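We name chains A, B, ... by the order of the sequence lines, and we start the count at 1 in each one. The model shown is predicted, which means the values in this text are computed figures rather than measured ones.
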Amino acid sequence: MRSFTYERARTPAEAAATATRRPGARFIAGGTNLLDLMKLEIEAPTHLIDVNGLALDRIEPTPDGCLRIGALVRNTDLAADARVRRDYGVLSRALLAGASGQLRNKATTAGNLLQRTRCPYFYDTNQPCNKRRPGSGCAAIGGFGRQHAVVGASEACIATHPSDMAVAMRVLDARVETVRPDGPARTIPIADLHRLPGDTPHVETSLSPGELITAVTLPRPVGGTHIYRKVRDRASYAFALVSVAAIVQRDGSGRVALGGVAHKPWRIEAAEAAMPRGARAVTAELLSGARPTQENAFKLPLVERTLGAVLTEAKG
Amino acid sequence: MQGPSDFELSRRKLLLGTAASVALTAAPSIVKAQTPAAPGHATVAASAISNVSFNVNGRMREATLDPRTTLLDALREHLHLTGTKKGCDHGQCGACTVMVGGRRINSCLTLAVMHEGDSITTIEGLGTPENLHPMQAAFVEHDGYQCGYCTPGQICSAVAMLDEIKAGIPSHVSDDLNTPPQLTNAELRERMSGNICRCGAYSNIAEAISEVAGRQA
């Protein structure tokens, strides 16, 4: 691990200001992803701003019936919150499908959103990777591509976003609240938080330098049956090959988002109009323009079958 | 406060230690390092060394550390509590599991300096050879190991896991999110999936945990 200096932030605004002023500074909260990457020197911050002391660890209802989740709420606490279990079951289910008990106890809401890809070529510092070293190339293309993206990828990067939680938040239309050092607080629809790789896969989110996530707000409950179904190589403690987050209403209408298939949680609102027509129709819309590799072409039928199972389950 | 013993001092650590001594002259307290530096005045040396104090197994401990030191390394190398094991050092195996504030975490994926004032329980704090914790006794009774390397992590994880069930925290395999979870075999295995045993003693581990849970119920 490279040497760094360390400080504990006292307010979100101060943390954001320090992060902007000091090049090479990073926020640290749970640390479960950042420290892993620092040990491999994939991440090498010169200054760490510990945000754990900021009072951002509460889950509170808002006056207009939404639920505001502090950025530092741990994954375990979010999954176990009675309001989340009752009104946003897809989120509880997604959180519980990710990582291990130990990691969920430490990992935070904002950190989960900002975790980095588990592409093996991103992790292997002997390989070119446009995320790790912009312009160096992508070893995943033509490499071992079983885990990689089938939609929304580019010639520069075919990595997937690893979060389960973010897929559920995408289907719930969550809003991400931030503070910026040089401007007012702002709210980013989760659809706009993560970027597609394009020519700049190292720019993973729409956050500006030093911008700090302070909360994620879930809109008023929409009812329906909440399902998160994750397909992976082992029964527990593995990243998704494909996952489906769905909210299905009694009349067959609803929402659906996919994990494991793209550089960000994958939701196409147009696909949802096809929900009453079944999994094949929805999948055709969701994966329109898909460009799988030989090794991950299995994800296309896997999405359709997983979605089929979810829609069947939703009918009860 | 104990530092690493002499034979463990590498050239790199020695050089860092020297730099830290110099830094201490210039910046006598860590508080100074916490004050945001003015632009262009960031001094690496100012916090190339950090002080942290926390409660380990009921006793206040202090350590002066390079901020890179993980909680795991602080426990093992500085406090010489070697019961907690380093397996993968990347949060994948669970051998380093300890409890912080009663919650199980991977001590390899957190920095010691991030635990100022925290209460930490390691395997040494659960029981002693003369007075085993019930979970330790159950692992012995059910032969819940072969080589034993993952065992301290398994036991810390299991103790905290039973508390998570008592607290009503659901799991991936819970049928209903809104009813209290029960400790079925499927629940136990899902909840313990962050602790890997290369010897494959899982069935005996499961029996040991089930026995303790049964007694608790």
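In this structure, NE2 in His90(B) is found 9.5 Å from CG in Leu37(A), a value given to the nearest 0.5 Å. Between the CD1 atom of Ile105(B) and the CG atom of Asn105(A) there is a distance of 8.5 Å, given to the nearest 0.5 Å. Here CG of Asp50(A) is found 11.0 Å from CD of Glu116(B). Values are rounded to the nearest 0.5 Å. With values rounded to the nearest 0.5 angstrom, Ser100(A) atom OG is found 10.5 Å from Met192(B) atom CE. Going from atom OH of Tyr6(A) over to atom CZ of Arg68(B) covers 15.5 Å, rounded to the nearest 0.5 Å. Atom OG1 of Thr110(B) and atom CG of Leu34(A) lie 11.0 Å apart (nearest 0.5 Å).
More than 12 heavy atoms of other residues, nucleotides or ligands shown are found within 6.0 angstrom of CZ on Arg83(A). Surrounding CG of Asp175(B) are at most 12 heavy atoms belonging to other residues, nucleotides or ligands under 6.0 Å away. The environment of CD in Gln182(B) is sparse: at most 12 heavy-atom neighbours from other residues, nucleotides or ligands sit within 6.0 Å.
When every heavy atom of Glu190(B) is checked against every heavy atom of Ser236(A), the shortest pair comes out as OE1-OG, 2.8 Å.
Side-chain contact between Lys39(A) and Cys108(B) is present, with heavy atoms from C-beta onward closer than 4.5 Å. Contact of the Leu103(A) side chain with the Leu109(B) side chain is registered, since non-hydrogen atoms from C-beta on lie closer than 4.5 Å. Residues Asn106(B) and Lys106(A) form no side-chain contact, since every pair of their non-hydrogen atoms from C-beta on lies 4.5 Å or further apart. The closest side-chain heavy-atom distance from Leu111(B) to Leu48(A) is below 4.5 Å. Using a 4.5 Å cut-off on side-chain heavy atoms (C-beta onward), Arg103(B) and Thr76(A) make contact. Side-chain atoms of Arg85(A) and Pro170(B), non-hydrogen and from C-beta on, do get closer than 4.5 Å to each other. Between Leu35(A) and Thr70(B), every side-chain heavy-atom pair lies at or beyond the 4.5 Å cut-off.
At a 4.5 Å heavy-atom cutoff, Ala107(A) makes no contact with chain B through either its backbone or its side chain. When heavy atoms are compared at a cutoff of 4.5 Å, Ser171(B) approaches chain A solely by way of its backbone atoms N, CA, C and O. Only the backbone of Ala235(A) comes within less than 4.5 Å of a heavy atom in chain B; its side chain stays farther off. Ala97(A) touches chain B through backbone and side chain together, each having a heavy atom under 4.5 Å away.
Ranked by heavy-atom pairs under 4.5 Å with chain A, the first of Met161(B), Glu164(B), Arg189(B), Gln92(B) is Gln92(B). Among the candidates Asp77(A), Leu95(A), Asp81(A), the residue making the largest number of heavy-atom pairs closer than 4.5 Å to chain B is Asp77(A).
A side-chain donor-acceptor contact under 3.5 Å links Asn195(B) and Gln102(A).
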